[in-house]
Amino acid sequence: MTGSTSYAYLGPEGTFTETALLQVPGADAARRVPASTVGSALDAVRSGAVDAAMVPIENSVEGGVSATLDAIAVGDPLRIVREELVPITFVLVARAGTALADVRRIATHGHAWAQCRAWADKHVRDAEYIPSTSTAAAAAGLADGEDSFDAAICSPLLADRLGLTVLAEDIGDVSDAVTRFVLVGGPDALTPRTGADKTTLVIPLPVDHPGALMQILDQFAARGVNLSRIESRPTGQFLGDYFFSVDADGHIEDARVADALKGLHRISPGLRFLGSYARADRRSSPIGRHTSDAAFDAAGAWLGGILRGAGTGRSEGTQAQ
Ligand SMILES: O=C(O)C(=O)Cc1ccccc1
């Protein structure tokens with residue numbers, strides 16, 4: 001994307017999501033629009049108010065970010081064009097004069113709280129958790145004199161920027177926690193294949209279809225496509241109605257991925273393709289000889305030969321690899 005690209009992100013300034021956005025080349029010079037929820041950041045893309053939105057999707061401790069998985073699965077289609085990984089460290093902050101022993105109510109984002117639970121159990125056992133739309137909204141509230149909580153969990157950088165007192169450092173339960181963020185663009189975005197790609201899908205589970213999950217998984221297994229994340233989420237329509245949110249290794253232009261998508265579409269016609277994009281870690285997974293593009297091409301040529309020869313009395317006459 002160019003320097004004139006505009007981006008929404010889960011704000012306000014100082015969120016981990018903003019850090020992820022600033023990792024995108026050119027984003028520091030671009031128009032950046034903070035949104036108060038993931039849903040409103042994505043809607044800004046849908047309405048054309050911005051070109052793309054950065055939102056959190058998964059973290060190494062808590063798993064998928066439900067708000068994002070749900071908001072991207074329904075409504076006007078969108079496409080993921082890029083992913084970013086951000087190492088996360090948390091601090092507990094308060095206004096000057098507050099001591100750790102005074103802390104009664106702690107505001108932060110749900111995923112931050114979930115990642116500091118063991119620390120909180122040990123050090124501020126009786127403190128109440130106050131949900132906030134983001135770590136930065138909680139910290140900014142403190143700095144602005146908000147009195148419905150007396151401490152917040154946020155990034156060390158923001159604590160410093162807002163001049164808040166750091167009561168405890170590095171309070172995450174897992175020291176090398178990483179959150180994955182995705183940059184989401186309009187419905188026609190398709191990023192080129194790099195050879196180390198990821199494809200994200202939303203697969204509605206067909207109702208009254210015994211074995212549907214097994215058949216869905218088999219589409220990947222039979223084509224040697226590795227999955228790196230699978231989560232079930234309720235559609236909200238009725239009890240027992242679910243969709244699967246899946247990340248698969250590979251790009252839609254890889255024959256094995258395209259073939260798996262065709263198989264999936266036959267089982268679940270409401271399948272949603274959320275994009276193929278370069279893996280942040282640039283790692284490519286090994287591809288079996290029988291699931292390479294060349295093997296699919298050879299198979300297609302073999303079948304084509306048979307069909308072209310049909311009725312002419314010629315046999316197929318090619319060798320299967
Ligand atoms: O609240 C933030 O700063 C975010 O960007 C969301 C988030 C919260 C906790 C861990 C990773 C991302």
Side-chain angles (χ1 to χ4, degrees), residues 7-24 27-28 32-45 50 52-72 80 82-94 105-120 129-144 146 149 151-162 164 166 168-184 229 231 245 247 280:
Y7 299 100
Y9 67 97
L10 176 66
E13 276 179 36
T15 57
F16 293 108
T17 312
E18 191 195 32
T19 304
L21 178 56
L22 290 170
Q23 289 182 185
V24 175
D28 53 342
R32 298 189 302 278
V33 184
S36 55
T37 64
V38 165
S40 56
L42 296 179
D43 283 344
V45 182
V50 295
M54 185 65 85
V55 292
I57 191 165
E58 177 186 12
N59 79 62
S60 57
V61 181
E62 262 301 288
V65 179
S66 311
T68 301
L69 299 178
D70 295 349
I72 208 171
I80 299 172
R82 188 183 175 96
E83 68 173 6
E84 292 293 339
L85 302 178
V86 178
I88 304 281
T89 46
F90 298 106
V91 291
L92 182 74
V93 293
R105 281 164 302 176
I106 302 175
T108 195
H109 186 276
H111 268 246
W113 183 248
Q115 292 181 62
C116 301
R117 220 174 281 154
W119 183 89
Y129 160 54
I130 310 289
S132 178
T133 51
S134 71
T135 56
L142 264 190
D144 291 347
E146 168 68 54
F149 48 90
I153 294 175
C154 66
S155 78
L157 205 69
L158 184 64
D160 194 42
R161 217 192 287 165
L162 294 177
L164 291 161
V166 175
E169 276 179 306
D170 209 1
I171 63 171
D173 300 331
V174 175
S175 57
D176 47 3
V178 172
T179 296
R180 179 177 157 235
F181 296 82
V182 285
L183 188 63
V184 181
R229 184 183 60 84
E231 269 158 300
S245 172
D247 289 333

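Computed over heavy atoms, backbone and side chain alike; hydrogens, waters and symmetry mates excluded. Just so you know, these numbers come straight off a predicted model, no measurement behind them. Whatever order the structure lists ligands and atoms in, that order sets their numbers, starting from 1.
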> So is Thr133 polar-close to ligand 1, meaning N/O to N/O under 3.5 Å?
Replying inline: no
> Could you give the distance from NE2 (His111) to OG1 (Thr179), rounded to the nearest 0.5 Å?
Replying inline: 8.5 Å
>> With a heavy-atom distance limit of 4.0 Å, tell me whether Thr179 approaches ligand 1 through its side chain, its backbone, both, or neither.
In response: side chain
>> Within ligand 1, which atoms have a heavy atom of Thr15 less than 4.0 Å away?
In response: 2 (C), 3 (O), 5 (O)
>> Check this for me - ligand 1, His109, N or O atoms closer than 3.5 angstrom, yes or no?
In response: no
> Any side-chain heavy atom of Leu10 within less than 4.5 Å of one from Pro56?
Replying inline: yes
> Hey, is ligand 1 close enough to Pro56 that some N/O pair sits below 3.5 Å?
Replying inline: no
> Who are the salt bridge (charged side-chain N to carboxylate O under 4.0 Å, His left out) partners of Glu83, not counting sequence neighbours?
Replying inline: Arg180, Lys198
>> Give me the residue, atom name and distance of the protein heavy atom closest to atom 4 (C) of ligand 1.
In response: Thr17 OG1, 3.5 Å
> Of the protein's non-hydrogen atoms, which lies at the shortest distance from atom 9 (C) of ligand 1, and what is that distance?
Replying inline: Ala112 N, 3.7 Å
>> With heavy-atom distances below 4.5 Å as the criterion, would you say the side chains of Val184 and Ile72 are in contact?
In response: yes
> Of all the non-hydrogen atoms in the protein, which one sits nearest to atom 10 (C) of ligand 1, and at what distance?
Replying inline: Gln115 NE2, 3.9 Å
> Would you say Asp144's side chain and Glu146's backbone share a donor-acceptor pair under 3.5 angstrom?
Replying inline: no
> Is there a donor-acceptor pair closer than 3.5 Å between any side-chain N or O of Glu13 and the backbone N or O of Pro34?
Replying inline: no
>> Among all the protein's non-hydrogen atoms, which is closest to atom 3 (O) of ligand 1, and how far away is it?
In response: Thr135 OG1, 2.5 Å
> Can you say whether the rings of Phe90 and Phe16 are parallel (under 30°), tilted (30 to 60°) or perpendicular (over 60°)?
Replying inline: perpendicular
